[in-house]
There are 2 protein chains.
Amino acid sequence: MEALGPAAKRFVVHWGEMGTRWGINRTVAQIHSLLYISPRPLNAEEIAQTLSVARSNVSTSLRELDRWGIIKVSHVLGDRRDYFESLRDTWEMIRLILEERKRREIDPTLRVLEACLEECETSKPVDSEVSERLRNMLGLFTTIDGWFREVMSLSSAELKRLVGMRRKVRKILRFGA
Amino acid sequence: MEALGPAAKRFVVHWGEMGTRWGINRTVAQIHSLLYISPRPLNAEEIAQTLSVARSNVSTSLRELDRWGIIKVSHVLGDRRDYFESLRDTWEMIRLILEERKRREIDPTLRVLEACLEECETSKPVDSEVSERLRNMLGLFTTIDGWFREVMSLSSAELKRLVGMRRKVRKILRFGA
DNA sequence: TGGTATGTTCTGTAAAGACAGAAACAACTG
DNA sequence: CAGTTGTTTCTGTCTTTACAGAACATACCA
C-alpha cells in the first residue's frame, strides 16, 4: 500500500470537504477522489488503508458511488477481490451526477409543486396569491428540467463542444434570437 | 398570525427537505420558502410562530438568507420590527445562489487544484499520472467557472431568453459550430 | 432613569449523521 | 466438510449539526 503523495492527499481532503457542502458523505467523496487520481484500480482494503477508515465504511460508500454510476468494478485473474476505479471522463461524470440529482431532487419537487397547485386551486377560498407564486416556481423547475433533459441527451463529446461555444451562444443572445 | 394553508404547508415542508440535500439548513430553507409564498413581508415573530421554531433560530437563519442575498428587509412606518420578504424573480434568485455557491465551492476548488498541480510537478519524482488527472479536473472546473461567469453576467431577462432558446442551441450544435 | 419591545449571541441539549467494530454472509479451497 | 478470504449488514458510539431558551444588547419611550 503506497501512501498518497502530498498533492494527492490535499486533493482528496479537499474533495471530502466539498462533498459535505453538497450533501455528500465525506468518505464517499474521498473515496471517489482517491479512485479518480489513482493510476490503477484499488480494492476495498487498499482504500480503507489509504484513507484510514473502516472496511465497512468503504463498502457502503462504494455502493453509494455505484448508485451514482461513477465508478466501475473490475477483476484481476486469480484474485477474488473487487477492484474499483473511477470514470476518467470528467464530463461524463458530471452528466451522471446531474442525472442522478435530477432524479432525486428535481423530479420530486416537480411532483410536489404540481400537487400543491392542485390543492391550492381546488380549495374553496382559492388562494390566488400563493397559487401564482407556486406556478412561478413550477415554471422555473420545468425549465430547469427541460435543460437537464437536453443536456443529458448529449454525448459527452457534444457537451464539450457546447461548452466551447460559450462566446458564440452569447453573441446570438445579444444580437437577437 | 394566520396559519398556512395545506398547500403552502406542504411546499414549505418539501423545501426544507430539499434544502438539507443541498447542504442547506432545514430551517433556513423553510423560512425562505415561507417568505417566497407569503403575500406580504413577515416579521421574525410571525415566522417563528408559523414554523414553530425558536425566535433565535429565525434570527440566525435570516442572517444566512441575507448572506445569500435572496431576501429583503423592509419597514412599516411606526413599527420598529424588521419585515422580511423573498425576491420574487425566480431567475434572479437562482443567479444569486449560483453566484454564492461558485464563491464558496468552485473558487476554492480551483485554488486547491492549482496548488496541487504546482506541488505535483515540482516534486522530485514527478507523478505524471496524478498530475494529468488533476489537470483534467482543473480543466473541467475552469470551464464550469467560465460558464458561471458568463451566466452571471446576464440579466435575468437575458437568462430567460437563453433558456427559451434551448432547441435553437441544440440545432446549432448538431449542424456544425 | 427605568421599562418595554426588538434583535442578536451564547450555551447546553437533543437529534441526525458518520463511522468503527462485530457479526453475519457468501464464495471458494483443500 | 471445516477453513480461509472477501464482502455486506447490523449495532452502538462518537461527532457534528440544529436548535431552544437564556442571557445579552440596543433602541425607543415615559
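So you know, we letter chains A, B, ... as the sequences are listed, proteins then strands, and number each from 1.
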Distance check needed: D/dA18 P versus B/E17 CD, whole Å only. 16 Å
Specify whether A/F11 and A/Y36 have parallel, tilted or perpendicular ring planes, treating 30° as the upper limit for parallel and 60° as the lower limit for perpendicular. tilted
Choosing from C/dA20, D/dC19, D/dA20, which nucleotide comes nearest the side chain of B/T27? D/dC19
Roughly how many Å is it from CD in B/E45 to C1' in C/dG7, rounded to a whole number? 11 Å
Output, in order, the C-alpha distance, side-chain angles, deciding distance and verdict of side chain to side chain contact (heavy atoms under 4.5 Å, CB included) for A/D145 and A/R149. CA-CA 6 Å; A/D145 185 58; A/R149 283 172 196 278; 3.1 Å; yes
Between A/H75 (NE2) and D/dT5 (C1'), how many Å, whole number? 14 Å
Quick one: is C/dG7 close enough that its OP1 or OP2 comes under 4.0 Å of any side-chain N or O from B/N43? no
Check every strand shown and say whether A/S52 touches a base, only sugar-phosphate, or nothing at a heavy-atom separation below 4.0 Å. sugar-phosphate
Nucleotide nearest A/D82 when distance is taken to its side chain, options C/dC19, D/dA18, D/dT7: D/dT7
Round to a whole Å and report the spacing from CG of B/L65 to C1' of C/dT8. 16 Å
Starting from P on D/dT7, measure out to CD on A/E64 and report it in whole angstrom. 19 Å
What integer distance in Å separates B/L42:CG from C/dT6:P? 15 Å
Are B/W15 and B/V13 connected in a single hydrophobic cluster, I mean Ile/Leu/Val/Met/Phe/Trp/Tyr linked by side-chain heavy atoms less than 4.5 Å apart? no
When only distance counts, do a donor and an acceptor, one from the side chain of A/S56 and one from the base of C/dG21, lie under 3.5 Å apart? yes
Taken to the nearest whole Å, CG/B/L62 to P/D/dC19 is 13 Å
Nearest-Å distance for atom pair CZ/P, residues A/R63 and C/dA18: 14 Å
Which residue lies toward the 5' end of DNA chain D, A/R81 or A/R26, if each is placed at its nearest nucleotide? A/R81
Would you say that more than 12 heavy atoms from the other residues, nucleotides or ligands in this model lie under 6.0 Å from the CZ of B/R26, or not? no
Cut-off 3.5 Å, side chains only: do B/S131 and B/R135 have a donor facing an acceptor? yes
Would you say the base of C/dT6 and the side-chain of B/R80 have a donor-acceptor pair closer than 3.5 Å? no
Taking any heavy-atom pair under 4.0 Å as a contact, classify B/R55: base, sugar-phosphate, or nothing. base
Among D/dC19, C/dT6, C/dC19, which nucleotide sits nearest the side chain of B/D79? C/dT6
Output yes when at least one side-chain N/O atom of B/N57 is less than 4.0 Å from OP1 or OP2 of D/dG21, else no. no
